[in-house]
Amino acid sequence: MRIVVVGDVLLDVDVDGEATRLCPDAPVPVVDVSKVQRRAGGAGLVARMLAGDGHNVTLVTVLADDEAALHLERALEGITVVAGSSGAPTPVKTRVRAEGHPVVRFDESCARPPVPPVTPAMLHALERAAVIVVADYGRGLTANQELRTVLAGLAERIPIIWDPHRAGAEPVPGVAVVTPNLAEARSLAGAGLRPAGSGAGSDADDVGAVAEALRLRWRSKAVMVTMGGQGALLVYDGGQPALPVPAPKTTVTDPCGAGDRLAASLAVHLLEGHTLDVAAVLAVREAASFLRHGGVAALAGEPKPVRVHGRNTDALALARNVHEAGGIVVATGGCFDLLHAGHTRALAAARSLGDCLIVCLNSDASVRRVKGPDRPILNQEDRAELLLALEFVDAVLVFDEDTPEACLATLRPDLWVKGGDYDVTELPETALVESWGGRCTTVPYHPSRSTTGLADALSRVS
């Protein structure tokens, strides 16, 4: 089942080294740089965490057309990204650390941009979600009214975790839980609430009052205020008592990323069917563990591509490279269980229509849902390997859904090819492909060759 992360992305740059002396012209440390690492931040960090844990995740966001965005795309390789245009430069946050300790941070292009537009593919990806994390970093995406309308409708039937920002839009009504940290909660709640330490009741009472005021204003099912080493406080609707969630004792050098880890963990545990109180306890523990093991500083290198097979070829990178060279990307899809002559003829015909052929392959779980419990006959690894042995197949991308729309929204092929037994005007993916200027077409179908017929013949001789 798919987790969708929607929100603002930014490029995080970590500059690490050691400081053993002061600058001669000012009393500031000189950092001898040993490593520079670029990684996806904001909603991109949440998506990367989930993908790194092996979850099926889609990132819905907006991207710029600049050099920083190219670094972002590389940092997000292996993650399904459905993006529109941001209309503004990529925000870049550069952290300088000496022996693991923060020294200074530089922010570039972080002024608030106009509210960006959303695309049909972005909205479609949201509607395919089983759970959604909204990672608002104050860049305007969550203020888009089309996006908000879709999210408000989805909040009625699936869990939405909303991680807010002081400069961001308010959560849509009905979300499962909003997760401000304590400073954000006080700022968002505004004046009129008793400040902590004033003597009229406990600090926990004060946090509870802030959380309840925000829950009522946002009309959310719950608000979970995070308080660093003190854990969190969860306030529900329906008059239930507030739930303190203690955090394990953890030595923290840099708390960056803890809120992202908590939101990601809440999504996973709610998707697994846990109640919110149980999910909250697990998420706080996992955020503490994340910090204890080094936090974002321990996120080394690029994420590993997931569900991509190829002759050392990433299907997403292949599509991007062919597009950049002005070529035609052709995609086709199916189960391809027991590869036969009908398959190879159709694949060869599809490849002849463009400059590369990417096969969108139903995963084992997807085949079982579509074809029944006795299928597939061959597992997805074997099916992908057989397809890649064909000289006219350039890459294979395995997808878990029943239909390939989310996969297509990422690849954005110029041509989507099906067998002649399909009517392209009736395919559910036709409108999606045409939304970015692609088109759907067919190649000849060979009715005497079929997997079902082959499986039946094999059953008679076994």
Side-chain angles (χ1 to χ4, degrees), residues 307-311 313 315-316 318-319 322-323 327-364 366-372 374-434 436 438-458:
R307 294 178 172 81
V308 174
H309 303 266
R311 301 184 188 89
T313 299
L316 309 182
L318 173 64
V322 171
H323 278 142
I328 295 173
V329 175
V330 182
T332 189
C335 301
F336 295 98
D337 202 6
L338 293 183
L339 197 63
H340 55 70
H343 287 144
T344 59
R345 293 176 188 177
L347 291 168
R351 179 60 175 83
S352 70
L353 299 175
D355 299 290
C356 73
L357 175 63
I358 299 172
V359 177
C360 301
L361 183 68
N362 293 72
S363 70
D364 292 346
S366 175
V367 175
R368 280 191 291 272
R369 292 194 300 271
V370 173
K371 299 287 188 180
D374 295 329
R375 300 282 292 275
I377 298 167
L378 300 178
N379 64 42
Q380 64 193 45
E381 288 77 17
D382 288 350
R383 289 183 285 127
E385 184 175 340
L386 289 170
L387 285 166
L388 290 165
L390 303 174
E391 63 179 0
F392 34 78
V393 174
D394 297 288
V396 174
L397 183 60
V398 182
F399 64 92
D400 285 327
E401 300 82 11
D402 295 347
T403 57
E405 285 101 322
C407 186
L408 288 172
T410 303
L411 287 173
R412 297 172 72 89
D414 302 285
L415 289 175
W416 173 242
V417 179
K418 296 293 287 183
D421 53 328
Y422 287 91
D423 181 348
V424 295
T425 63
E426 297 180 356
L427 290 174
E429 56 265 32
T430 295
L432 177 65
V433 174
E434 291 178 348
W436 58 74
R439 62 186 179 90
C440 298
T441 189
T442 60
V443 293
Y445 171 63
H446 304 278
S448 61
R449 276 88 175 174
S450 75
T451 300
T452 301
L454 185 58
D456 288 343
L458 288 172

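Considering all non-hydrogen atoms of both residues, Val396 and Val393 come closest at CG2-CG1, 4.1 Å. Here the closest non-hydrogen pair linking Ala350 and Leu357 is CB-CD1, 4.0 Å. When all heavy atoms of Gly333 and Lys418 are compared, the closest pair comes out as O-NZ, 3.7 Å. Nearest approach of Val322 to Cys356, heavy atoms of both residues: CG2-SG, 3.8 Å. Between Ala319 and Val329, the shortest heavy-atom contact is O-CG2, 3.7 Å.
The side-chain hydrogen bond (donor to acceptor under 3.5 Å, both in side chains) check on Asp402 picks up Arg369, with sequence neighbours excluded. In this view, Asp364 and Arg383 satisfy the salt bridge (Lys or Arg N to Asp or Glu O under 4.0 Å) rule, not counting sequence neighbours. Scored by the side-chain hydrogen bond (donor to acceptor under 3.5 Å, both in side chains) test, Arg351 finds Asp394 as partners (sequence neighbours excluded). Under the side-chain hydrogen bond (donor to acceptor under 3.5 Å, both in side chains) criterion, Thr410 pairs with no residue at all, not counting sequence neighbours. Applying the side chain to side chain contact (heavy atoms under 4.5 Å, CB included) criterion to Ile328, with sequence neighbours excluded, gives Val330, Asp355, Asp414, Leu415. Taking the salt bridge (Lys or Arg N to Asp or Glu O under 4.0 Å) definition, one finds that Glu429 meets it with nothing, sequence neighbours left out. With sequence neighbours left out, Ser363 forms a side-chain hydrogen bond (donor to acceptor under 3.5 Å, both in side chains) with Asp400.
Separating the CG atom in Leu338 from the CZ atom in Arg375 is a distance of 7.0 Å, to the nearest 0.5 Å. Atom CG of Leu411 is separated from atom CG of Leu397 by 5.5 Å, given to the nearest 0.5 angstrom. We find the CG-CH2 distance between Leu432 and Trp416 to be 10.5 Å, quoted to the nearest 0.5 Å. With rounding to the nearest 0.5 angstrom, the CG atom of Leu353 is 6.5 Å from the OG1 atom of Thr441. Considering CG of Leu378 and SG of Cys335, their distance stands at 12.0 Å, rounded to 0.5 Å.
The side-chain heavy atoms of Phe399 and Asn362, taken from C-beta on, include a pair separated by under 4.5 Å. With a 4.5 Å cut-off on side-chain heavy atoms, Leu387 and Leu347 count as touching. The closest side-chain heavy-atom distance from Thr344 to Phe392 is below 4.5 Å.
Other residues, nucleotides and ligands contribute over 12 non-hydrogen atoms within 6.0 Å of the CD atom of Glu434.
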